[in-house]
Amino acid sequence: MMEIENSYFFGDIGCWSERTEVHKAACQGETTQLKHLIQSGASVNVVAVDSITPLHEACLRGQTQCVRLLLEAGAQVDARNVDGSTPLCDACSAGSLECVRLLLDHGAKANPALTSRTASPLHEACMGGNSDCVKLLIATGACLEAYDLYYGTPLHVACANENIECVKELLNAGAKVNAARLHEIPLHHAAKNKRVEIVELLLEFGANVYARDQHNRKPIDYTTPGSPSATCLQLYETTPMTLQQLCRLAVRKKLGTRAVKAISQLDVPKLIISYLCYQ
């Protein structure tokens with residue numbers, strides 16, 4: 001095997017190193033040191049053994065000023081680490097809204113191609129319960145139905161992690177409430193976690209109370225008899241929806257992801273608009 005001189009070689013992004021001073025400064029938020037290193041000619045695209053760049057490091061820790069310095073110095077905004085995650089994924093995981101905004105302003109892809117080892121930035125934001133990041137990503141065009149092999153859709157992730165604000169943002173933006181992973185819909189996750197607020201929210205948006213997962217179990221089968229979640233699910237199983245509810249669901253389904261914007265422009269009473277927008 002050919003020896004690597006001084007532990008460096010040229011890769012897809014740049015030179016490789018164990019972990020450079022640029023990585024350390026970016027990680028620790030040492031803006032003065034980072035600026036000095038950049039002015040001295042240090043590479044901002046140097047990658048560590050796990051393909052993590054200084055920009056990944058700064059985003060993982062929400063170091064906004066370091067992210068700005070790196071981007072202005074030419075850091076590759078969509079660089080991938082060994083797992084395929086981009087800096088935007090890391091910023092969303094950290095819940096750093098300012099870092100997310102900076103990356104998007106510098107052209108970061110809200111919908112990077114997924115691999116068997118990666119989740120989308122929207123998945124990462126939902127996992128951490130970072131609803132502000134979720135809202136910004138949706139406004140930027142993040143795919144609501146991005147499918148991760150392990151988690152399913154972002155709505156699955158938000159429900160599994162009991163992040164109700166993220167659930168609200170996704171549903172109001174038009175995420176498919178009955179999207180399935182191995183026949184499991186988000187309502188199954190909410191029922192398992194016994195979060196009646198999320199159960200009610202999903203049902204209001206048209207979740208299928210009769211859906212059966214890969215174990216042939218309905219959402220109610222994961223609840224404790226007599227619990228608030230069980231009572232709520234049982235009510236929806238035994239009581240037909242009102243015409244009012246059916247109309248709202250029909251309008252929302254027809255409009256899809258355009259629903260909130262289109263409904264707000266209707267020439268109808270504000271009370272009806274509020275009802276259609278779940279306000």
Side-chain angles (χ1 to χ4, degrees), residues 11-14 16 22-23 26-27 43-64 66-161 163 166-167 169-170 173-176 179 181 186 257:
D12 291 338
I13 298 175
W16 171 89
V22 180
H23 282 87
C27 171
S43 171
V44 294
N45 286 312
V46 63
V47 294
V49 66
D50 47 9
S51 293
I52 285 183
T53 67
L55 187 56
H56 281 99
E57 291 268 27
C59 289
L60 274 168
R61 288 158 182 80
Q63 304 290 6
T64 307
C66 289
V67 168
R68 179 178 282 105
L69 285 173
L70 290 166
L71 289 171
E72 290 174 350
Q76 294 190 15
V77 71
D78 285 320
R80 300 246 186 184
N81 66 15
V82 71
D83 291 321
S85 294
T86 65
L88 182 58
C89 291
D90 292 336
C92 289
S93 177
S96 176
L97 184 62
E98 288 308 309
C99 286
V100 170
R101 187 174 283 115
L102 269 174
L103 292 165
L104 291 171
D105 287 345
H106 280 78
K109 294 178 182 176
N111 299 303
L114 300 183
T115 70
S116 60
R117 301 178 68 181
T118 58
S120 73
L122 190 54
H123 282 91
E124 295 288 358
C126 290
M127 206 173 302
N130 303 313
S131 59
D132 287 338
C133 294
V134 168
K135 190 171 184 177
L136 179 57
L137 286 168
I138 290 173
T140 310
C143 180
L144 299 174
E145 309 307 326
Y147 192 84
D148 176 84
L149 294 176
Y150 184 79
Y151 299 109
T153 67
L155 186 57
H156 281 92
V157 171
C159 290
N161 287 276
N163 294 320
C166 294
V167 173
E169 293 292 345
L170 291 166
K176 294 179 180 177
R181 178 189 175 276
T257 56

What closest approach, in Å, do [X] and [Y] show between heavy atoms, and which atom pair accounts for it?
X: Tyr151; Y: Val157; result: CB-CG2, 3.4 Å
X: Ala26; Y: Pro54; result: CB-O, 3.5 Å
X: Ala158; Y: Val167; result: CB-CG2, 3.7 Å
X: Pro87; Y: Cys59; result: O-CB, 3.5 Å
X: Ala113; Y: Thr118; result: O-OG1, 4.3 Å

Kindly say whether [Y] contributes a backbone atom to a donor-acceptor pair with the side chain of [X] at under 3.5 angstrom?
X: His23; Y: Ile52; answer: yes
X: Asn45; Y: Gln76; answer: yes
X: Arg181; Y: Tyr150; answer: yes
X: His156; Y: Ala179; answer: yes

Atom [atom1] in [X], atom [atom2] in [Y]: separation rounded to 0.5 Å?
X: Gln63; Y: Leu69; atom1: CD; atom2: CG; result: 11.0 Å
X: Leu170; Y: Cys159; atom1: CG; atom2: SG; result: 8.5 Å
X: Leu55; Y: Leu60; atom1: CG; atom2: CG; result: 10.0 Å
X: His56; Y: Arg80; atom1: NE2; atom2: CZ; result: 9.0 Å

If you look only at distance, which donor and acceptor atoms sit under 3.5 Å apart when one is on a side chain in residues 124-144 and the other is two or more places apart or in another chain?
from	atom 1	to	atom 2	distance (Å)
Asn130	ND2	Cys92	O	2.7
Thr140	OG1	Leu136	O	2.7

Among residues at least two apart in sequence or on other chains, which ones pass salt bridge (Lys or Arg N to Asp or Glu O under 4.0 Å) with Glu57?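 In terms of salt bridge (Lys or Arg N to Asp or Glu O under 4.0 Å), with neighbours along the sequence ignored, Glu57 is linked to Arg19, Arg61.
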
Under 3.5 Å, side-chain donor or acceptor atoms of residues 95-109 against the rest of the protein: list the pairs with distances, not counting sequence neighbours.
from	atom 1	to	atom 2	distance (Å)
Ser96	OG	Cys99	N	3.3
Glu98	OE2	Arg101	NH1	2.7
His106	ND1	Leu102	O	3.0

Do the side chains of Ser120 and Leu114 get nearer than 4.5 Å, heavy atoms only?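 Of all side-chain heavy-atom pairs linking Ser120 with Leu114, at least one is under 4.5 Å.
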
